[in-house]
Every structure is written in C-alpha cells, then in structure tokens.
Amino acid sequence: MAIDEKSANTVTNTDAARPGDERYDAQAVETKWFERWQQDAALYAAEPDSAKKKYYVLEMLPYPSGELHMGHVRNYSIGDALARYMWMNGYNVLHPMGWDSFGLPAENAAIKNNTPPREWTLRNIANMKAQMKRLGFAYDWAREVTTCLPDYYRWNQWFFLRLHERGLVYRKKSKVNWCPKCATVLANEQVLGNGCCWRHEDTLVEQRELEQWFVRTTKYAEELLRDLDRLEGWPEKVRIMQRNWIGRSEGTLVDFKLEGNAGPAGSTINVFTTRVDTIFGATSIQLAPEHPLVADFTRHNQPLGDDVRKLIEEQRKAKESGDIGEIEKHGVNTHRLAINPFNGERIPIWIANYILMDYGTGAIMSVPAHDDRDYDFAKKYNIEIRLVILPVGNDPEETMTEPKLPFTAHDGMLVNSGPYSGLSCADAIRKMAAYAEEKGFGKATVTYRLKDWGISRQRYWGTPIPMLYCAKDGIVPVPDKDLPVILPGNVDITLTGGSPLERVPEFVNATCPKCGGPARRETDTMDTFVDSSWYFYRYTDASNDHAPFDSKTAQYWFGDCGIDQYIGGVEHAILHLIYSRFWTKFMRDLGLITNDEPVERLFTQGMVIKDGRKMSKNLGNTVSPDEMVARYGADAARLYSLFAAPPDRDLDWQDSGIEGIRKFLGRVYRFFVRTVRTGAGGPTPSGLPPEARTIQRKLHQTIKRVTDDFQGRWHFNTCISAIMELMNVLYASEEAISRGIVPAPFLAEVQRSLVLLIAPFAPYLAHELWEMLGEKGSLLKASWPRYDAELAKEEEIEIPVQVNGKLRSRVLVSADADETTVLERALADEKVKASIAGKQIVKKIYVLGKMVNLVVK
RNA sequence: GCGAAAGUGGCGGAAUUGGCAGACGCACCAGACUUAGGAUCUGGCGGGUAAAACCGUGGGGGUUCGAGUCCCCCCUUUCGCACCA
C-alpha cells in the first residue's frame, strides 16, 4: 500500500481482517524521504563551533570504480550509524566523503572503451554519489573532495614544493618494471607471478633504471615507530604490521679491508650486523649479487661474471614469485680475501643469492655457528664453522657445554674471542661497537626496513610533478604562482611507449622561471597515495583556493589527537596509514597543524564474503547494492550489513539473511501502524501496571545495551538483536496495548525511544515513524534516549541451582533477596532435594544474583 | 619459520567480568488466520531418551565448587611478515 502522511497518521484499522496486509512498502517510504533530503543540501552541514564538542568521523574514501560494492556499504553503514549516534548525542559532527580518483584503472578503461580518463572517472563519481545518496548516508556534500580535479591536486604540487625546499624530496636512479612489447612502465601489480607482462603473457618484464623522485619518509622513521605506542585507539594488529614494516634494527657497521689488490685501492666492504659479538666466528664475507664491488671482481673474470648473473636472475625470480626465503642457497667464491679488523684474520669473500642488496649494506659477515642461514651455506660449501658463543642459563647441564649448532640465542657468553672472551653477548656488543668506533672502522647504528617513498609514476592519470629541467639552470621548481600545473586533456594514452605526457609538446615545452630560456617539464606524475595522504585535512576547508586548508579550521576538527574515528579496510593498514602519518608530521613541522598524528581511533572492518570467498568481480560472487536497494530497500541493506556479523569480523553474505531483516522492518512498521495514537504525549505516569512494567524494563535494558555498544565494542549485530528482542516483547504485549492497559503517554514514550534507537541503523524507516508520531523537529537533533538503571532492573530473578556443578533446578526469588533466603529456597526445591538426598552438603556457594552451587559428598 | 586472529547447532552468529551454552536471525516443523498464502501472528527447534539420566563449544591434559571463557600440549583455518643479516 502506498504511504502518504494521511494514512500513516491515522489511527489504523486494528480490526482489519488481514493484519498482515499492512505491509511496509520500503520503496515508497524511502523514495519519499530521499526526495525530501535532496531538497535540503545543508542537512548534514557542520561548521566549527567552539560551544560544541566536535566529532570527526571518517570512512576511507573510495576509488570511483563505477559501482559501490557491499564492502563499501558495510564500511559506510558503520560510519553513518556512528555519525548519527554522535549527532543525537549533541556533538558537532563532521562526516564528509570524497573520491580517490587518480590512478591506473581510469587509463585502462580509457584504452578499452576509448573514453578519456577524466570523463570516465567523473561519470563513475556521479553514479556512486547517487548510490550513496540513495543509501541514505549522511554526508556533508559541500565538502566533497575529488582528488583528480585541479583545485585539489594543485595542493599536492604545493606540498611537493614544500618537501623539495626542505630536502624531503630528492631524485635517485631506481628500477622500474618495463614491458618491451608495451614499451611502457608497469606497476608491480601488472607483473604476473611468472615475471611476465599482464597483457603479453609470453613476454618477460625487464628492469630498467630511471631517475625518479623519492620522498624522504625515512627521516621520520624513528618518530613513526615511537608514536605507534601512543595510538591506543588503533587495532594492535595494525600497529604490529606498521612496526614490522618500519623494521627498526639495532646493530653495528664494520669495515672489512680487502686484502692486497682486491678491488679498488683502499676499498673496504661495509658490513651490517646485529651480532657483532660473534665476529670472531666470522669465516667468510657474503655479498649480494648486485653489490657494487661485485663488478670489480667480475671485470676480468668471465666465468665468475656468468655465475653472478645466474645468482641475480635467481634472486629476481624468487622475489617476484614471492618465495624468496625458500630458494636453495647458492653462492660463488671470488677467491679474494677480506681482513677481519678485530683479529686481522683473512677470510674469503663469497657472493650469495640469499643476500639482499636493499637491506643493510648488501654485505654480511657470515658466522655459521650462530646463524641458521650462514650455517646452511657453510655446510653446503664446506666453510669453517667456528663456535664463539656458549649457552649460559638456569640449567647447569646446558651451561657452558657445546650447544647444538647453529646456536642462535643471544644470551650466551663469548669464547674464542680474544680479549672479549668471557663477556656476555650484550656487553660484548657494546664494547666491540665502541672499540670499532674508536679505531675508526665501524660504529653502532640503526637500520630500518622502511624505504624512502618513490612517488614517480610514468603514467598519465595523476598529479603532474611541478618540476622543470633547464639546460642552463638544471632542475628548477615551478614557482607557487604558476600552480596548478594542469594535467592536459586529449592525451593519447595508448601504450606506445614512455610516459604519455612526454608526447604532449604543449605540456612538455615550458619556460625556465630562472633564466627565461626553454625548459622541459617533468612528465612523471605522482603516486596516488600522495592524494590520500592528506585529503582528510582538505575536508575541513574544502573550497579554500589560497591554501590547502585553513590552519585554525583544521585545528578545530583535528584537535590534539586527530580524526576521532577513522573506519576502513585493513588492507590499508600499512601504505596509506604510514604515508598519512608521515604527511601529518611533515605538515606539523611546516607549521600548518599542531597534532602529531592524523587518527586517534582506527577501526578496521572485516571483508564481505560469499560462498566462502571474498566477494569480487573476478570470482563472480558479488551482490549488487543497487539490486538490494531495489528489492529490499536501503535500510534493509544497511541493517543487514551490520546485523550479520560484528563489524570487525568477516561477513558471510546470505541472501536469506537480508530477507529476515526485511521482515523485521515490516514488523516495526506494523507495530506503529497499529498502535500509534496521535496526541498521546505527556509524562509517563508512575505506578505502571505489570504489563507496562515489562515493556518499560525491556526498553531500558535495550537502551542500555545499544548505548553501551556505541560507547564500547561496536558489536552492532547485538544492538540490532536487542532491538528485535524489544519488538518481540512489544508484540507479546499487543493485547494489553489494544485493551488500553498500557497507558497511552507511556506507550508514546516507548515508540519515541524505539524510533531513536533504530535511527542510526535504518534512517528511512526511522524518519517515517518519527513523522507518524507527529514529531516536527529533525530526527538528528533529537536527543539519544537515556536509560534508567533502576527501571532496567528485574524485580524477580531466576537463580539456577547446581549440585556439584551440574544444573539441577532453578528458583525464582526477588531481585534483592539475600543469600540466606536464596539458599533456603534452593534447599527447599524438590528437584534439589532429590539430588542431594542421602548426601552431605560440604559447601554452599552463592554468587550474588547469578547462581547457587551446592557441593555434596 | 615468525607474528596475529579465529574454531560454538543445518547456517550467520550470542554468551561484555570464570557462573543457566546456543540470545537474535535464517532454514526447518507444527498451529492460528484465510477463498488463497511465498503475507501475517503464535509455538517448537544441539544430540540423546517414552520421560529422565547422560553427552555436547576443534582434540588431549590441568586449575576451580564451577571452564566456550584461565593454564599447558596438539590440530585446523584465515590474515600479515619472511633468507631483514
């Protein structure tokens, strides 16, 4: 039946022959409210207001692929429920949305459909925005950020210039994936497991060295690591992942001189080790195949050069296929010697496939007795294994006896180590590092796994890097006044080689701002992670055209601790969230903001699974939000995505489940249709009849459960169960209600509270019911219901009685009954009597309000 | 290999602090209403039994009056990291 205000507000036919026919027409109701909401653009607007407490709730912005998927719906349903809850609690809520709209898929789509990336992207945005609006998400669209538009990306360029001024961005040669058939650069994701191009499955991808721009994220490595301890509102999992990614490692750098004429005169091999205490046990040096010295060794040694090339190839393949770590260890002996600076010993220099050039110094001292990998290698090539650490421990049997090799524990004692013999490992590390530093051949140091961030992309659809190359003045930054450097349209992005922008003379040819002569523009664009590193600051002041944002405004919304609640997928635990943290620290040092961290609380929601696998287009097991909205309505789709599992866990999508939610919404609606009496307000009378008291108790229990979950653990699935239970109680009381036993003002209070409770989860239905109740004000401005602990209390409770820990009976007692009374009642119970007959009670346990346990013998 | 999370009915899941295992929902079964029911309302629903007893939270031990929850060992799944020197 079609819903209009008239019929909804009328006392509905309780004597209808077929009560089930009062069906909830979700489409009609949702369309009505959808249209109303479209007419009020400022519905969810927020402005800084020092009189109110702010709350910044943010969901990760989507890539505009064209369609929302269920993962999005779930993510935004969580954030929207929270935003609405905070609104109803009187907070000044900032809840924005935007588009992470640069990136490769737009270029692929352009090639496939012959559509310019910009057009394709903006069309997708329009579609997804419409989907979001139809789902009823309460975003302040006036703050929409679209990263591919010049009013946003000009500030990427502005930040790039600031980084450049501070030496935080630099140029370095680096390897990129290059497909000879495509004649272009590939992203890592476009290189298949077998090392071939995704478009040419028979063509091996090559590595090419190109000059690229790097952001010096490592400058903040220490702070990024240290501040992780402060992020108590983040999942431990994410903090661990970031800690591992940063990969701080304390150790010692030691120079080994080359003997005789090995290598260029006076050259040394710089080794990084965390175990300098084992250096007297070093029996070889191992170099990464790509170590710079290797070229010297192979220059006049053809066979060695061939072997090294094999090692390089092996390593590269293993890295690409992801099973580096499992490949068989191989190496070649250079037959050169290096000198251990601690004891003057000559040890052979090898080149090995298990040494990585991009960690430490690309060279290690090999101590087979005390390292698993070195041990394997030494066994294979018959290199000496020399024990220099003995175990010391609580067990005298083990102490100072020869351990099973390799012995890798680092709480032992040194032996065979000259003057250091007898020291503990920890002491030896300190003393040996100090000695190395004093003698000038080494020092204690810290290395990180974290690398500087390469941001150059040989791609079209990204932010142009604002740099110029002048024959006379070299590398020259574009002056601020010339920003933005606009990304040209009408660019041929078919894969014919090189960066697409190189083929646009109007773009490439520029004038040097220093000398006025001709200059060539940088044709690489920025990694899209730059866009998402600071977008949430832009939301605070999205249309600012003279700065990325106003500092004061940003300060209001970020406060000291950042975004109050950030919600997104765990797949962004590392890259996006490390870059964002870096960018925040950089902006703080720039004086733009005062917070040290961007996000105070982070919530990572689980994936949406169907038929046991992640929902994805490739697997063909997707569920379309549009279809769900058309069949069940937005409320049902949202409610189900919250009901089916706790939000931090994976959600197993079942079509039959959403059906159940649809029924529930109808049940709520029908209850209102049958029971709402207009003008039934007024204070709830005291001394309610028992039928009403039952409802009141359940109501207050429900408010408590839902409120507690919002405040704490966010298990919205149990919130919704609680509301369902309340509905069940109301249905059970329907006779009392229709007979007028439940006082009308109290019933009105129940109805009002019920609407407020479901408002964060099912806004369409909530608004319809709110109106049905005759409420005029905005539902978002209504106050969240409060519970009264006294009213929530049960008057009578059922106490289970156990005998020897086994449930034997239950007794009903008043809630304030004391121990004596409860035990008396328990002992008087027939079933209890029967099970303790002939036995002696040795102990009586009563847990207040919980249970009785009688221990008998 | 290292680290993290998880394992509960036919299914999704509840049990927040050591205290009635299976809330809520799906599916299923029965009843009511009905010209009709794929609507609606009500009831039932871990295994087992005539009813009880008894058994039951991946497996095995343990602590406790009492364990899904705590401790030890093991198995499985998922995720992250991984020759990181």
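The structure displayed is predicted, hence computed values, not measured ones. Residue numbering restarts at 1 for every chain, and letters A, B, ... go by the order of the sequence lines.
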Worksheet item: Any donor-acceptor pair under 3.5 Å joining the side chain of A/N244 to the base of B/C81?
Response: no
Report which part of the nucleic acid [X] touches: base, sugar-phosphate, or nothing (heavy-atom distance under 4.0 Å, all strands).
| X | result |
| --- | --- |
| A/E571 | nothing |
| A/D374 | nothing |
| A/K663 | sugar-phosphate |
| A/V847 | base |
| A/L854 | nothing |
| A/R248 | nothing |
| A/G247 | nothing |

Could you state the atom-to-atom distance from [atom1] of [X] to [atom2] of [N] in whole Å?
| X | N | atom1 | atom2 | result |
| --- | --- | --- | --- | --- |
| A/I574 | B/A82 | CD1 | P | 8 Å |
| A/I609 | B/G12 | CD1 | P | 12 Å |
| A/L730 | B/C41 | CG | P | 13 Å |
| A/H330 | B/C83 | NE2 | P | 17 Å |

side-chain N/O [X] vs [N] OP1/OP2, d < 4.0 Å:
| X | N | result |
| --- | --- | --- |
| A/K329 | B/A85 | no |
| A/R713 | B/A15 | yes |
| A/R667 | B/C41 | yes |
| A/R449 | B/A85 | no |

Measuring only the [atom1] atom in each nucleotide, how far is [N] from [M]? A whole number of Å is fine.
| N | M | atom1 | answer |
| --- | --- | --- | --- |
| B/U57 | B/G68 | C1' | 5 Å |
| B/G66 | B/C20 | P | 15 Å |
| B/U63 | B/U8 | C1' | 23 Å |
| B/U49 | B/G31 | C1' | 25 Å |
| B/A67 | B/A21 | P | 10 Å |
| B/G9 | B/U69 | P | 15 Å |
| B/G56 | B/U42 | C1' | 30 Å |
| B/C84 | B/U17 | P | 39 Å |

Flag for [Y]-[X]: side-chain donor and acceptor within less than 3.5 Å:
| X | Y | result |
| --- | --- | --- |
| A/E725 | A/Q701 | no |
| A/E314 | A/N353 | yes |
| A/R581 | A/Q242 | yes |
| A/Y85 | A/Q711 | yes |
| A/E819 | A/T821 | no |

Which nucleotide, [options], lies nearest any side-chain atom of [X]?
| X | options | answer |
| --- | --- | --- |
| A/M241 | B/A85, B/G80, B/G13 | B/G80 |
| A/Y731 | B/G19, B/A4, B/U42 | B/U42 |
| A/K237 | B/A85, B/C79, B/A14 | B/C79 |
| A/P646 | B/G3, B/A14, B/A85 | B/A14 |
| A/Y359 | B/C65, B/A85, B/C83 | B/A85 |

Is there a Watson-Crick or G-U wobble partner for [N] with both distances under 3.5 Å, and which nucleotide is it?
| N | value |
| --- | --- |
| B/G3 | B/C79 |
| B/C26 | B/G10 |
| B/G56 | none |

When you check the gap from the basic side-chain N to the acidic O, do [X] and [Y] get nearer than 4.0 Å?
| X | Y | value |
| --- | --- | --- |
| A/D709 | A/K704 | no |
| A/E735 | A/R739 | yes |
| A/K831 | A/D829 | no |

Worksheet item: Taking the chi torsion of B/G9, is it syn (within 90° of 0) or anti (everything else)?
Response: syn
Discussion item. For A/D709 and A/G657, find the nucleotide of RNA chain B closest to each by heavy atoms; which residue's nucleotide sits nearer the 5' end?
Written reply: A/D709
Fill in: Toward the 5' end of RNA chain B, by each residue's nearest nucleotide, A/F272 or A/Q654
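With A/Q654 and A/F272 compared, the 5'-side residue is A/Q654.
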Worksheet item: Is any side-chain heavy atom of A/F280 less than 4.5 Å from a side-chain heavy atom of A/M432?
Response: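 A side-chain contact exists here, since the closest heavy-atom pair is under 4.5 Å.
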Worksheet item: Quick one: does A/L730's side chain get under 4.5 Å of A/L754's, heavy atoms only?
Response: yes
Filtered N/O pairs between nucleotides 20-24 of chain B and protein, under 3.5 Å:
| from | atom 1 | to | atom 2 | distance (Å) |
| --- | --- | --- | --- | --- |
| B/C20 | O2 | A/R810 | NE | 2.6 |
| B/C20 | O2 | A/R810 | NH2 | 2.7 |
| B/A23 | O2' | A/E725 | OE2 | 3.0 |
| B/A23 | N1 | A/S721 | OG | 3.4 |

